Amino acid sequence: MTKYKNNNQFSFEITKRIPGQLGRAGIIHTPHGDIKTPAFITVGTKGEVRFVSMEDMLAIEAQAMLSNGYHLRNTSYEMAEKGGLSSWSGWDGPTISDSGGFQVMSLGSGFGKVVSMKRENEVMNTKQKDRFAKVSEEGVQFHDPITNQEDFIGPEESMQIQCRIGADIHMAYDELTSLADDYDYNVEALARTERWAVRSIDEHKIHCDELGYHQSLYGVLQGGRWEDLRRSTAAKFAKMDFDGYGLGGAFLKESLGDILKWCCEELPENKPRHLLGLSHPDDILIGTQMGADTFDCVAPTREARHGKIYTKHGNINILKFADSRELLDENCDCPTCKAGWTRGALRALLKSSDQDERRKYFNLASIHNLRFIIRLTQEIRAAILNDTFEEYKEEFLKDYY
RNA sequence: GGGGGGAUAGCGAAGUGGCUAAACGCGGCUGACUGUAACUCAGUUCCUAACGGUUCGACAGUUCGACUCUGUCUCCCCCCA
C-alpha cells in the first residue's frame, strides 16, 4: 500500500474556552495542515464539492473537506495508488472521511425521506423491502439500484475503504437511527454501534500498523434523543482509544443543545468533536456552545442549488428576485458578491435553459452559501477569543431570524 | 376558386356522448431540504374565503345528457389552381 503524507502527528489544542460553557476555540493539527476551530468542513462526498473548484475552496477560506467512504468504495483503490484523497482530489488541506454510517439510514430506514429535524410525528421508516441498506450484526448489505452493485460493508470493510482513501481523519462505523425509531430500537442499534466501534478500532489498528504510522480515528456517538443512552455511550467511548469524536444522530432542532451537552459532558475535553451533518447557523451556534469543534453539512450547497441563498438577515429564495439589482448579501466577502453578481442576474442563470448557465449559477450560489457559513465559524472563533461569544450569538440570531 | 386539417385553462397538448373543472408537460406561485440516490422533492395554478358558479373559437340545433354529434359563422395552417 502506498505511503501517505505524514509529516506531523494529529493533535488538538484548546486555545480558549467560552466561560461557563462546554464550547471552545482551538486548533486541530493534521498531516495536511491545521484546522482552526470552530470550523465548517465542506462536504465533497465523492472527493470534490459539487460545482465548487479547488480554487473556489481557497477563495472562500475552506479549511478542510469531508468525503464519503460508501460513495468512494470503488474509487478508493485508485485513490490509494495515487497517494490518497488529498493528492487524488487536488485538495491539499486536511481531509476527513465518513464511514458510510449515514448511508445505513439514508439508504435504509430513511430512504426516500427527508432527514428532517422538525417533523418527528410525520416520519415513518421505509418498509424493509424498499430499503437499499439492510442492517445485521455483522454489518450492512447495500444494494445500488443504478449499477446493481451489491456491497457488504461492516466496520472492517469501512476501515479498509477509509484507509485506502487515506484522509487525515477517519470515522468509526456507526448506525444512525431515524427519528421514527423508538427507544427499544435505539437501545439495540446503539449496542451494535458500540460493538462496531470496537471492531473499527481493531481493524483500523491493523492497517495503521501495516502503514507504519497512525491515521486518526474518531468514534461516532449515537443514542437518539435519550439522555441515558447518550451519556452511557459517551462515557464508554471516552475510555476508548479514539483521537476524537463524531457526534451523530438525527436531531430534533429543539433537543440538539441538550443532546450535545449530555455527550460532551462525558467526553474528554482534550479531544476534538465533530458534529456530523449540521450547519444551519443556529445549529452551529448552539453546537459550538455545547462543545462541538467542527461541522459538516450538505445544506449550504444543496440549498444553494435549490435557490435558497443565505444572507445576514435570513434566507432568501432567489426565484423571487427577477430583475433585482441587489447583491445576494450586502457587505458579503464571497467571490460571487465581490464580483458584483446581482440577484436578478443569478436568478436568470438558474432559470436558463442552457445547462452551462445553470451550472454557473450552482457554482456562484454554492460558494456564496459556503462562504457565509465559513465566515460564521470564523466570526464565532474570533468572538470566543475576544470573550464576546454570547453577544455575538445574540446579535447574529437577532439579525438572522 | 378547389381540397384538406385545426381552434381545449397563461402556453403546449390529451380527451371524441354521461365516471370531465377537464389527463399530462411547461411556465407561475407556495413550501421543503442538515455526515448528498437531491441541477431534487411536495403542494398549488378557470372564478369564489366558502357554499357554489362559469367553461373547451361563436351562435343555433340533436339528445334525458355535448369538450365530444349536426348546421352556419369567425379565425389559423397545409395542398392544388
Side-chain angles (χ1 to χ4, degrees), chain A residues 40-52 64-72 96-108 110-119 122 126 130-133 142-149 158 162 167 169-176 179 218 220-222 245-253 256 274-284 286-287 292 294-308 310 315 317-320 322 349-363 365-366 369 373:
Chain A
F40 176 74
I41 316 298
T42 55
V43 178
T45 300
K46 295 188 177 177
E48 60 179 1
V49 182
R50 291 187 182 177
F51 300 101
V52 176
M65 177 172 78
L66 178 143
S67 297
N68 183 286
Y70 174 74
H71 289 291
L72 291 173
I96 301 176
S97 58
D98 186 29
S99 63
F102 181 72
Q103 279 63 39
V104 179
M105 194 280 287
S106 67
L107 301 178
F111 172 68
K113 309 288 193 308
V114 161
V115 189
S116 174
M117 303 218 328
K118 54 189 167 190
R119 288 184 294 165
E122 296 172 30
T126 302
D130 295 330
R131 300 180 182 184
F132 295 128
F142 288 99
H143 169 73
D144 186 327
I146 297 167
T147 63
N148 279 328
Q149 184 178 340
S158 175
Q162 292 189 69
I169 298 168
H170 301 180
M171 292 285 166
Y173 203 52
D174 65 318
E175 177 184 351
L176 166 56
L179 287 170
Y218 281 21
V220 180
L221 304 182
Q222 293 294 341
Y245 296 93
L247 306 165
F251 302 100
L252 237 41
K253 217 167 182 67
L256 175 63
H274 179 85
L275 177 53
L276 286 152
L278 295 185
S279 77
H280 287 165
D282 53 341
D283 299 329
I284 288 188
I286 196 76
T294 52
F295 305 82
D296 78 276
C297 191
V298 304
T301 48
R302 181 186 290 166
E303 292 183 337
R305 270 179 268 130
H306 295 176
K308 184 186 266 189
Y310 301 164
N315 303 328
N317 180 348
I318 194 72
L319 295 177
K320 294 180 182 173
L349 289 181
L350 174 57
K351 295 303 293 178
S352 170
S353 58
D354 183 75
Q355 186 174 246
D356 290 338
E357 295 200 338
R358 265 179 283 126
R359 287 180 170 167
K360 182 68 179 165
Y361 165 81
F362 295 144
N363 170 254
S366 294
N369 278 1
I373 296 299

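Letters A, B, ... are given to chains in the order of the sequence lines, protein chains preceding strands, and every chain is numbered from 1. What you see below is based on every heavy atom in this structure, not just the backbone, and it leaves out hydrogens, waters and symmetry mates. All figures in this text were calculated on a predicted structure; none of them were measured in a lab.
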Open item on the list: Go nucleotide by nucleotide along RNA chain B from the 5' end; which of A:R359 and A:G44 gets its closest nucleotide reached first?
Closed with: A:G44
- [ ] Assess whether one donor atom and one acceptor atom, taken from the side chain of A:R50 and the base of B:U36, lie less than 3.5 Å apart.
- [x] yes
Open item on the list: Would the distance check show the side chain of A:E357 and the main-chain N or O of A:L350 forming a donor-acceptor pair, the cut-off being under 3.5 Å?
Closed with: no
TODO: Establish whether the base of B:C39 is bridged to the side chain of A:R358 by a donor-acceptor pair shorter than 3.5 Å.
DONE: yes
Open item on the list: Under 4.0 Å, heavy atoms only, any strand: does A:S106 hit a base, just the sugar-phosphate, or nothing?
Closed with: sugar-phosphate
Task: Pair partner, B:U40 [Watson-Crick or wobble, under 3.5 Å] - done: B:A32
Open item on the list: Applying ring pair (Phe, Tyr, Trp, His ring centres under 6.0 Å), can you list everything that pairs with A:H274, at least two apart in sequence or on another chain?
Closed with: none
TODO: Describe the nucleic acid contact of A:E357 in one word from base, sugar-phosphate, nothing, applying a heavy-atom distance below 4.0 Å.
DONE: nothing
- [ ] Could you tell me if the ring centre of A:F132 sits under 6.0 Å from that of A:F142?
- [x] no
TODO: Give one of base, sugar-phosphate or nothing for A:Q103, where a contact means two heavy atoms less than 4.0 Å apart.
DONE: sugar-phosphate
TODO: Describe the nucleic acid contact of A:F51 in one word from base, sugar-phosphate, nothing, applying a heavy-atom distance below 4.0 Å.
DONE: base
Task: All side-chain hydrogen bond (donor to acceptor under 3.5 Å, both in side chains) counterparts of A:N369, not counting sequence neighbours - done: none
TODO: List the atom of A:F295, the atom of A:I284, and the distance in Å for their closest heavy-atom pair.
DONE: CZ-O, 3.6 Å
TODO: Return the nucleotide paired to B:U63: Watson-Crick means purine N1 to pyrimidine N3 with N6-O4 or O6-N4, wobble means G-U with N1-O2 and O6-N3, both under 3.5 Å.
DONE: none
Task: Base-pairing mate for B:C24 - Watson-Crick or G-U, with both contacts under 3.5 Å - done: B:G12
Open item on the list: OP1 or OP2 of B:U36 versus the side-chain N and O atoms of A:N68: is any pair under 4.0 Å?
Closed with: yes
Open item on the list: Would you say the base of B:U40 stacks on A:H306 (centre-to-centre below 5.5 Å, plane angle below 30°)?
Closed with: yes
Task: A:E303 side chain, from C-beta outward: closest of B:C39, B:C33, B:U36 - done: B:C33
Task: Contact under 4.0 Å: A:K320 side-chain N or O vs B:U30 OP1/OP2 - done: yes
TODO: Mind checking A:D98 for me? I need base, sugar-phosphate or nothing, with any heavy atom below 4.0 Å counting as a touch.
DONE: base
TODO: Taking only the side-chain nitrogens and oxygens of A:K351, find out if one of them lies under 4.0 Å from OP1 or OP2 of B:G28.
DONE: yes
